Amino acid sequence: SESLMSTRTPTCTWAQRMDRILLTVDVQNVEKPSIQLTKDGRLVFSATTADATWALDLELYEPVDDQASKVSVTARNIFVMIMKTEEGPHWPRLMKAKGKTPPFIKIDWGRWKDEDEEDEEANKDAFDSQYDFADMASFADDAQAPDSDDEDLPDLES
C-alpha cells in the first residue's frame with residue numbers, strides 16, 4: 001500500500017548558461033508529478049512511480065524568473081529550464097547553502113559550458129550571421145576590374 005512506500009530523493013543533474021539553469025530530475029515513468037518554482041528560488045518537486053514516492057526541495061543560489069521558466073515531463077526524466085532573473089556571471093553553485101554539494105546533485109557534463117565558451121559561441125554566432133564565404137566569390141570577380149580608386153595616391157606629407 002502507498003503508506004509503506006518510501007520517499008526517495010531523485011538524482012539531479014544541472015548545467016547553466018548566463019541566463020538560465022538547466023536541471024534534469026532523473027526519475028522515470030512518473031505519475032502525478034508536481035513541480036513548484038517560486039521567484040525567491042525555491043524548487044519543490046514530488047511524484048510517484050510504481051515503487052516509490054519521490055520528493056525534492058531545493059533552495060537555489062539566487063532568485064529566479066518563475067514566470068519565464070519551463071518544465072518538460074517525459075517518460076525518461078523531468079527537465080526544468082529555470083530562467084535567471086538577469087543574465088550575468090555563472091552561479092558558483094546550484095544551491096544557496098554553502099558547503100559540500102548534496103550527493104544527489106551532479107554536474108550535467110553533456111550540457112555544461114564554461115562562461116568563456118559561452119562568450120566564444122555568442123561571438124561566433126554573431127560573426128556567422130554576417131556573411132557566408134559563398135557570397136565572397138562575387139566580390140572576387142569585381143576585384144579584377146580596374147576601379148577609379150585604384151590610382152596611385154601621393155604619399156602623405158609628414
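Basis for what follows: all heavy atoms, side chains included, without hydrogens, waters or symmetry-related copies. In this text, all values refer to a predicted model and were calculated from it rather than measured experimentally.
Closest non-hydrogen pair, Val25 versus Leu56, comes out as CG2-CD2, 4.3 Å. Of all heavy-atom pairs between Phe104 and Leu58, the closest is CE1-CD2, 3.9 Å. Residues Ile35 and Phe45 come closest through the heavy atom pair CG1-CD1, 3.5 Å. Between Pro33 and Ala47, the closest heavy-atom pair is CA-CB, 3.9 Å.
With rounding to the nearest 0.5 Å, the separation of CD1 in Ile105 from OG1 in Thr9 is 9.5 Å. A distance of 11.0 Å separates OG in Ser34 from CD1 in Ile78, rounded to the nearest 0.5 Å. Atoms OG1 and CG, from Thr74 and Asn29 in turn, are 9.0 Å apart once rounded to the nearest 0.5 Å. Between Lys32 atom NZ and Thr49 atom OG1 the span is 11.0 Å, to the nearest 0.5 Å. Here the straight-line distance linking atom OG1 of Thr85 with atom NZ of Lys39 works out to 12.0 Å at 0.5 Å rounding. Atom CH2 of Trp91 and atom CE of Met18 lie 14.5 Å apart (nearest 0.5 Å).
With hydrophobic clusters built from ILVMFWY side chains whose heavy atoms lie under 4.5 angstrom apart, Leu60 does not share a cluster with Val44. Val80 and Met95 fall within a single hydrophobic cluster, where Ile, Leu, Val, Met, Phe, Trp and Tyr are joined by side-chain heavy atoms under 4.5 Å apart, directly or via other members.
Looking at Pro10 and Asp26, their side chains never come closer than 4.5 Å, going by heavy atoms from C-beta outward. In this structure, Ile107 and Trp14 have side chains that are in contact, with non-hydrogen atoms separated by less than 4.5 Å.
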Could you go through the side-chain contact (heavy atoms from CB on, under 4.5 Å) check for Leu43 and Val64 one step at a time?
-> CA-CA 10 Å; Leu43 181 123; Val64 295; over 6 Å; no

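In this view, Lys113 and Glu121 satisfy the salt bridge (Lys or Arg N to Asp or Glu O under 4.0 Å) rule, not counting sequence neighbours.
Checking Ile21, Ile82, Leu23 one by one against Ser69, the side chain to side chain contact (heavy atoms under 4.5 Å, CB included) holds for a single residue, Ile82.
For residues 57-76, the salt bridge (Lys or Arg N to Asp or Glu O under 4.0 Å) pairs, not counting sequence neighbours, are Arg42-Asp57. Among residue pairs with one or both ends in residues 83-94, none qualify as salt bridge (Lys or Arg N to Asp or Glu O under 4.0 Å); sequence neighbours excluded. Annotation: salt bridge (Lys or Arg N to Asp or Glu O under 4.0 Å) contacts involving residues 102-112, sequence neighbours excluded, comprise Asp108-Arg111. Sorted pairs that involve residues 96-105 and meet side chain to side chain donor-acceptor pair (under 3.5 Å), not counting sequence neighbours, are lacking altogether.
Annotation for Phe79: hydrophobic cluster partners, listed by chain and number, are Leu22, Met81, Met83 (ILVMFWY side-chain heavy atoms under 4.5 Å, direct or chained).
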